[in-house]
Amino acid sequence: MSGTKLLKYLSPYILPLLLMVVFIYCQASANLALPDYMAKIINEGILGKNTETIFNYGLIMILIAIGGGLATVGVNYLSSRIGTGFARNLRNAIFSKIENFSLVEFNKFSTASLITRTTNDVHQIQVVLTMLFRLALMAPIIGVLATFKAYHLAPSITWIMGVAVVALIFIIVLIFKIVVPKFTQLQKLLDKLNLVTREILTGLRVIKAFNMEKHEEEKFNKVNKDLAQLNVFVGRLMMLLQPVMMLILNFMMIAIVWFGAHQIELGNLEVGNMLAFLQYSMQAVSAFLMISIIFIAIPRASVSANRIAEVLETDIQIKDPVKPRKAPKKGGKVEFKNVTFSYPGAIEPVLHNISFIALPGQTTAFIGATGSGKSTILNLIPRFYDVTEGQILVDDVDVRDMKQHDLRARIGYVSQKAMLFSGTIKENITYGNPNATEEEIFRAAATAQALEFIKELEQKFDSSVSQAGSNFSGGQKQRLAIARALAKNPELYLFDDSFSALDFKTDAALRNALRKEAKGKTILIVTQRVGTIMDADKIIVIEAGKIVGEGTHKELLSTCKVYREIATSQLPPEKLAKDLT
């Protein structure tokens with residue numbers, strides 16, 4: 001898919017485009033007709049001393065000017081409407097595509113780059129497209145017909161116009177060769193500026209805590225300065241066009257008047273015709289300039305179009321099956337059968353031959369060292385990634401044979417990093433279940449131990465949530481994220497280290513409430529806290545992507561060395577001794 005295929009998003013605007021072509025034809029006709037009538041007024045009216053001719057042709061010129069003005073308004077209105085509509089359709093297409101990305105595709109593009117492509121790149125195309133509609137369709141008509149009319153009026157001095165056009169083209173080509181390669185660099189620097197800005201704003205607390213404001217400021221200033229310098233360089237070269245054009249036009253006018261005066265003196269040219277020739281020559285040179293400007297602008301839009309096309313043509317690896325299956329029953333049973341998984345581009349698999357069964361009504365927990373693959377196991381269930389080998393079954397159906405919507409409708413997921421959306425607390429809790437009743441919202445918040453701090457807020461559940469929940473503490477965000485999963489009332493709960501920001505008392509209270517609220521549901525928990533999963537029905541110990549132990553807390557203390565080491569480092573000796581007996 002090349003960047004030119006993005007023009008398919010213009011298809012809803014075929015009729016406005018045709019109407020705009022009509023307006024452009026009217027505008028060009030008006031521009032080309034006026035010099036002829038001016039020449040007649042001078043030759044026949046002023047020099048011929050015919051007042052009636054001046055009045056008649058003057059009235060015709062006024063009507064043509066009004067018609068041309070209305071046509072110009074129509075062209076500008078339609079070009080703006082089509083350009084902005086195209087940009088809107090293109091942004092919708094990019095956003096829809098990104099929404100369907102799996103984590104594999106997200107790792108291919110950075111968040112900063114996706115933002116730049118959706119905003120700045122689309123804007124670049126919109127600007128050039130609007131310019132094309134306003135200038136590119138009219139400029140060739142004006143250029144060719146104005147040259148023809150000028151030659152018809154004064155063949156002997158048409159060479160002046162040719163020299164002006166050649167000089168203009170030479171300068172345009174020179175600028176073109178210097179500027180065009182810089183456009184790709186500009187878009188990459190915009191990506192980098194977005195990346196650095198997002199990183200600094202996201203990590204502002206850490207930056208302040210380590211007194212690294214100066215360092216981050218220097219990093220931002222460097223990228224900002226590079227972008228500014230390149231923009232200034234490109235801008236200066238592009239701004240050369242206007243003074244150069246005016247210089248060429250002025251010299252051309254001087255030459256036309258100089259040589260035209262000699263032709264008038266010799267009787268080979270009338271005064272009115274020379275003035276009309278002057279206007280036609282200016283129209284022709286301006287038209288060639290417009291075409292040249294468009295040829296310079298198109299490469300920048302082409303860079304942006306190719307960047308957008310790269311997103312739109314990305315093959316999504318995780319797709320719905322052609323013939324999806326529905327689980328014959330609901331329950332939330334999860335089964336891993338000899339699952340091996342490697343991240344794209346990784347040399348070694350992160351999971352090796354993982355097999356287990358998690359049953360409804362039971363809590364299955366995963367524990368292990370950082371980087372052992374615990375979170376990866378949970379991410380495979382909702383198909384954020386697909387397994388490299390083996391199978392994952394939910395209610396005895398392979399997750400790859402189910403529609404992603406149907407699969408995820410069964411799951412209440414709480415990520416490792418609690419993510420809240422701007423809005424209200426109520427909107428965040430009902431995010432997965434917009435039809436949740438007041439009672440369900442209240443119960444979900446109570447179970448998640450969020451009710452206590454919500455009641456202290458002035459507007460309770462209608463209290464506002466800032467972007468990413470920045471106006472709440474880590475523990476409050478985690479509790480609201482857990483309440484969101486509970487309000488969905490799914491069959492299967494996935495908690496990816498979702499209790500790490502909670503104190504032990506809140507953690508224990510939440511687990512007790514969750515055991516009652518989620519009775520009969522399947523619960524999978526990833527954690528590094530032994531205390532969080534001591535009461536789990538099944539604990540699976542992961543080390544280096546492999547299962548090295550499986551059983552209850554007491555069983556693993558006796559049978560699994562890895563688990564015993566983790567427990568010894570976290571539990572008090574008296575508690576450990578008691579559990580070992």
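Note that the structure is a prediction, hence the values are computed from the model and not measured.
Once rounded to the nearest 0.5 Å, the distance linking CG of L420 with OG1 of T424 reads 11.0 Å. Distance CD1/I482 to CZ/F495: 6.0 Å, rounded to 0.5 Å. Note that CZ of F341 is 6.0 Å distant from OH of Y385, once rounded to the nearest 0.5 Å. Once rounded to the nearest 0.5 Å, the distance linking CD1 of I125 with CD1 of I308 reads 3.5 Å. Atoms CD and CG, from Q476 and L457 in turn, are 7.5 Å apart once rounded to the nearest 0.5 Å. Residue T84 holds its OG1 atom at 10.0 Å from CG of L129, rounded to the nearest 0.5 Å.
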Going through the distances and angles, do E218 and K222 end up as a salt bridge (Lys or Arg N to Asp or Glu O under 4.0 Å)? CA-CA 6 Å; E218 289 173 359; K222 184 182 183 306; over 6 Å; no

Would E216 and K219 satisfy salt bridge (Lys or Arg N to Asp or Glu O under 4.0 Å), going step by step from the backbone distance to the final call? CA-CA 5 Å; E216 296 300 329; K219 188 163 67 173; 3.2 Å; yes

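When atom types are taken as modelled, the side chain of Q449 and the backbone of T447 share a donor-acceptor pair closer than 3.5 angstrom. Of the possible polar contacts, none joining the R484 side chain to the V414 backbone as a donor-acceptor pair under 3.5 Å is found. Using modelled atom types, no side-chain atom of N224 and backbone atom of F220 make a donor-acceptor pair closer than 3.5 Å.
Judged as a salt bridge (Lys or Arg N to Asp or Glu O under 4.0 Å), and not counting sequence neighbours, K192 has no contacts. With sequence neighbours left out, D320 forms a side chain to side chain contact (heavy atoms under 4.5 Å, CB included) with K403, Q404. Remark: K460 pairs with no residue by the side chain to side chain contact (heavy atoms under 4.5 Å, CB included) rule, at least two apart or across chains. Every residue was checked against the side chain to side chain contact (heavy atoms under 4.5 Å, CB included) condition with V73, not counting sequence neighbours, and none meets it. Evaluation of the side chain to side chain donor-acceptor pair (under 3.5 Å) rule for N379 yields Y413 as partners, not counting sequence neighbours. A search for side chain to side chain contact (heavy atoms under 4.5 Å, CB included) contacts involving T527 returns D497, I525, R529, T532, I533, not counting sequence neighbours. Residues that satisfy the salt bridge (Lys or Arg N to Asp or Glu O under 4.0 Å) test with R479, not counting sequence neighbours, are absent from this structure. Partners of K337 by salt bridge (Lys or Arg N to Asp or Glu O under 4.0 Å), not counting sequence neighbours: none found.
For the pair Q124 and R307, the minimum side-chain heavy-atom distance is 4.5 Å or more. Put simply, the side chain of I381 reaches to within 4.5 Å of the side chain of L524, judged on heavy atoms. Side chains of L480 and I454 form a contact here, defined as non-hydrogen atoms less than 4.5 Å apart. At least one side-chain heavy atom of T376 sits less than 4.5 Å from a side-chain heavy atom of Y343. Using a 4.5 Å cut-off on side-chain heavy atoms (C-beta onward), S463 and I425 make contact. By the 4.5 Å heavy-atom criterion applied to side chains, L15 and L19 are not counted as neighbours. Put simply, the side chain of H553 reaches to within 4.5 Å of the side chain of Y563, judged on heavy atoms. Contact check for I542 versus I547: side-chain heavy atoms found under the 4.5 Å cut-off.
For residues 87-99, the pairs satisfying side-chain hydrogen bond (donor to acceptor under 3.5 Å, both in side chains) are Y13-R88, with sequence neighbours left out. Residue pairs meeting the ring pair (Phe, Tyr, Trp, His ring centres under 6.0 Å) criterion with at least one member in residues 433-452, sequence neighbours excluded, do not occur. Applying the salt bridge (Lys or Arg N to Asp or Glu O under 4.0 Å) definition to pairs two or more places apart or across chains, those involving residues 422-436 are K426-E438.
The neighbour count for F421 CZ, taken as heavy atoms of other residues, nucleotides or ligands under 6.0 Å away, is above 12. E452 CD: 12 or fewer foreign heavy atoms inside a 6.0 Å radius. Residue-environment remark: CZ (R400) exceeds the threshold of 12 foreign heavy atoms within 6.0 Å.
The minimum heavy-atom distance linking L189 with V223 is given by the pair O-CG1, 4.2 Å. In terms of heavy atoms, L486 sits closest to A444 at CD1-O, 3.7 Å. Shown here for V397 and R325, the closest heavy-atom pair between the two residues is CG2-NH2, 4.0 Å. Closest heavy-atom contact between F133 and S79: CB-CB, 3.6 Å. In terms of heavy-atom proximity, V530 sits nearest to A567 at CG2-CA, 3.9 Å.
Of the residues listed (D396, T522, D395), the one engaging K333 in a side chain to side chain donor-acceptor pair (under 3.5 Å) is D396, and it is the only one. Of the candidates T388, I377, V387, V339 forms a side-chain contact (heavy atoms from CB on, under 4.5 Å) with just one, namely V387.
Between the side chains of N100 and K319, not a single donor N or O lies within less than 3.5 Å of an accepting N or O.
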N/O donor-acceptor pairs under 3.5 Å from side chains in residues 349-370, not counting sequence neighbours:
| from | atom 1 | to | atom 2 | distance (Å) |
| --- | --- | --- | --- | --- |
| H352 | NE2 | P349 | O | 3.2 |
| S355 | OG | N338 | N | 2.8 |
| S355 | OG | N338 | OD1 | 3.2 |
| T370 | OG1 | Q528 | NE2 | 3.1 |

